[in-house]
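Taking it in order: structure first as structure tokens, then the write-up.
Chain letters run A, B, ... following the sequence lines, proteins first, then strands; residues in each count from 1. Computed from a predicted model, the values in this text were never measured in an experiment. We use all heavy atoms of the structure for the numbers below, so side chains are in, but hydrogens, waters and symmetry mates are not.
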Amino acid sequence: MGLTLAEKLLSLKTNREVRAGDIIVTRVDWVLAQDGTAPLAIRQFMRLKKDVLFNGHRVIFFIDHAAPSPRRELSNDHIFMRSFARKKGAILHDVGDGIIHQVFVERYVNPCDIVVGADSHTCTAGALCAFAAGFGSTDVAVAMAFGKLWLRVPESYEIVIDGRLPKGVFAKDLALHIAGKLGPGGATYMALEFKGDLIEHLSMDSRLTLTNMAVEVGAKTGIIELDDVTCRFLEERGRPPRYRDMKADEDASYARRLYVDANDLEPLIALPHRVDKVVPVSKVEGKQIHQAFIGTCTNGRLEDLRITASILRSRKVHRDVRLLVAPASREIYLKALREGIIDTIVRAGGVILPPGCGPCVGVHLGVLGDDEVCISTQNRNFQGRMGNPNSAIFLASPATVAASAIKGEVTDPREVLS
Amino acid sequence: MSVIRGRAWKFGDNISTDLIVPGRYFHLRSKPKELAEHAFEDINPNFARSVRRNDLVVAGENFGIGSSREHAALVFKILGVGAILAKSFARIFYRNAINLGLPVIMLDTSAIEDGDLLEVHLDEGVVIDVSKNLSLRFKPLPKFLLDILKAGGLIEYVIASKGVTAFHEV
Ligand code: SF4
């Protein structure tokens, strides 16, 4: 029997055929951590009494979750990270560079790499056919020291998506649809392998939205086969792929198959406080909102900002709504500036936040008040996620969030898209 | 560590890491003892104050979903929680707990009620609900994971094996 893509990637790295269920120790290509997880990872690393990193050019820290720092305790964490990185020769992306998963995809990852990240959305890089998964600080500390990690080779779900996305429907709606179908634990320990004829028509920006949300159904990772879109993305960044072809075998065995006909989708929204409470936007139209947030590792990319600007052009954000927009990286911010996107958003009454996680994790830059409602492009709406357990978060696509920001209430984007 | 005796603190399904250690205490991550005082604050404000050494956190499906923050497992260690029992776990939380030497046990927890006195026999794969006179079986952890637990966590395990066994063989 053939191999799934997850089995293939792990077999390639360990130089032998490994199968779902095997517990293996594998070499890793990249070790990542952000300012919420790196300080503990560094402390655990120090306890190992191993003076050097396995490879400083392969260990990357990001200051993105609380960037710039809103509190002295966090400023001190940042100092700790910077000084460790300097001493040990690790790479560090400081305030303003952007979100870990976006910067990593723009600048580092290559297909077939194995990526260990102290952040649950490390799975995002699977869109470039890497095996990338989130871990805690201790696993990352051991990987920093040895360049190795133990893991269980996952079973895979085959997610086949055919058709085309109708007008007003985006990769985010597709990701929400899948979350609604599988539920928050529906794919625990699995790898999601996205296939089907829609995928080849999806841009890299859209693909990253899909793989980003794999962890929302409990998956270890989400992976997309290597194709022309991947190769072009890398070549444009001066990083030609080492491999040009990598697919699951035709006769691979999957734990489950989910078929989605994209033609049947409509704009979707996840209700508080669960990512799988997904309904058509039309079902909650008219619900009043106080804050609208466009950004994060799910939807802070150029494509997302473009659609936002196209909706906001010659319109105004509703006076009872705060629209916050955070480009996911410096590269995206610069491109958006050049295209006039930032100008359009600011003129319409939006607020631009520095590249980074912004209010997504409830630390700063848009903490919700009691009984406030936020509509956001992020991936999680757990109770308290945006810093206040007495508030509510709805999840939707950038188009739905932008349309809602104008109207002051949840709005189907098809009403405003020309 | 093979027998753990304590009271049950019962929680529901899909308890997220945001409920275990809320993001608004992000700045306390380098002060885990202070962070631990806020564990479960939004769903059971008594927990951190009243939990006793070896008490057991008992939950439904998918315990620990969400972020990779290891602090969500670390606070239980600091508060002296003996083990976490749940119908299922989110994968990163599960790993983090083992890596810190905190036992995680997957079994049907429906019959256990808040406050029940429990006895966990890790090696035998049995939980005894003393209050209900019930014996519940679970599949013991694979040996590799038990070894990490018994060492006190992954760092201790790696130090004890001089980084050799698991990480130099491949
Ligand atoms: S944007 Fe949100 S989900 Fe993404 S890495 Fe930052 S905090 Fe996590």
Side-chain touch [X]/[Y], heavy atoms, less than 4.5 angstrom:
| X | Y | answer |
| --- | --- | --- |
| A/P154 | A/M190 | no |
| B/R69 | B/V75 | no |
| B/L117 | B/R5 | yes |
| B/D55 | B/V81 | no |
| B/I98 | B/V104 | yes |
| B/L85 | B/L136 | no |

Checking [X] against chain B: side chain, backbone, both or neither under 4.5 Å from a heavy atom?
| X | result |
| --- | --- |
| A/R72 | neither |
| A/I42 | neither |
| A/R47 | both |
| A/R71 | side chain |
| A/K220 | both |
| A/D139 | both |
| A/P39 | side chain |

Checklist entry - What class does the angle between the rings of B/F40 and B/F11 fall in, given that below 30° is parallel, 30 to 60° is tilted and above 60° is perpendicular? => result parallel

Under 4.5 Å heavy-atom distance to chain A, tell me which part of [X] shows up: side chain, backbone, both or neither.
| X | result |
| --- | --- |
| B/I148 | side chain |
| B/F93 | neither |
| B/N96 | side chain |

With a 3.5 Å cut-off and no angle check, do the side chains of [X] and [Y] form a donor-acceptor pair?
| X | Y | value |
| --- | --- | --- |
| A/N379 | A/H121 | yes |
| A/E17 | A/S11 | no |
| A/R385 | A/S376 | no |

Can you tell which of [options] has the highest number of heavy-atom pairs within less than 4.5 Å of chain B?
| options | result |
| --- | --- |
| A/V361, A/L40, A/T37 | A/L40 |
| A/N76, A/V363, A/N388, A/T188 | A/V363 |
| A/F80, A/F45, A/Y189, A/F382 | A/F382 |

Item to check | Stepwise side-chain hydrogen bond (donor to acceptor under 3.5 Å, both in side chains) test for A/Q378 and A/T298 | outcome: CA-CA 6 Å; A/Q378 67 200 65; A/T298 319; over 6 Å; no

Nearest-0.5 Å distance that lies between atom [atom1] in [X] and atom [atom2] in [Y]:
| X | Y | atom1 | atom2 | result |
| --- | --- | --- | --- | --- |
| B/F89 | B/N62 | CZ | CG | 10.5 Å |
| A/M386 | A/L365 | CE | CG | 10.0 Å |
| B/N44 | B/R49 | CG | CZ | 9.0 Å |

Next on the checklist: Suppose a student defines contact as a heavy atom less than 4.5 Å from any heavy atom of chain A. Which residues in residues 12-29 of chain B would they list?
Outcome noted: B/N14, B/S16, B/D18, B/L19, B/G23, B/R24, B/F26, B/H27, B/R29

Checklist entry - So which of B/N99, B/I155, B/D42 has the biggest tally of heavy-atom pairs under 4.5 Å with chain A? => result B/I155

Next on the checklist: Could you check whether A/K50 makes a cation-pi contact with A/F146, meaning its NZ or CZ is under 6.0 Å from the centre of the six-membered ring and within 45° of the ring axis?
Outcome noted: yes

Checklist entry - Which of residues 131-138 of chain A get closer than 4.5 angstrom to chain B, counting heavy atoms alone? => result A/A133, A/G134, A/F135, A/G136, A/S137, A/T138

Item to check | salt bridge (charged side-chain N to carboxylate O under 4.0 Å, His left out) between A/E216 and A/R380, intermediate numbers included | outcome: CA-CA 8 Å; A/E216 281 1 295; A/R380 290 193 172 139; 2.9 Å; yes

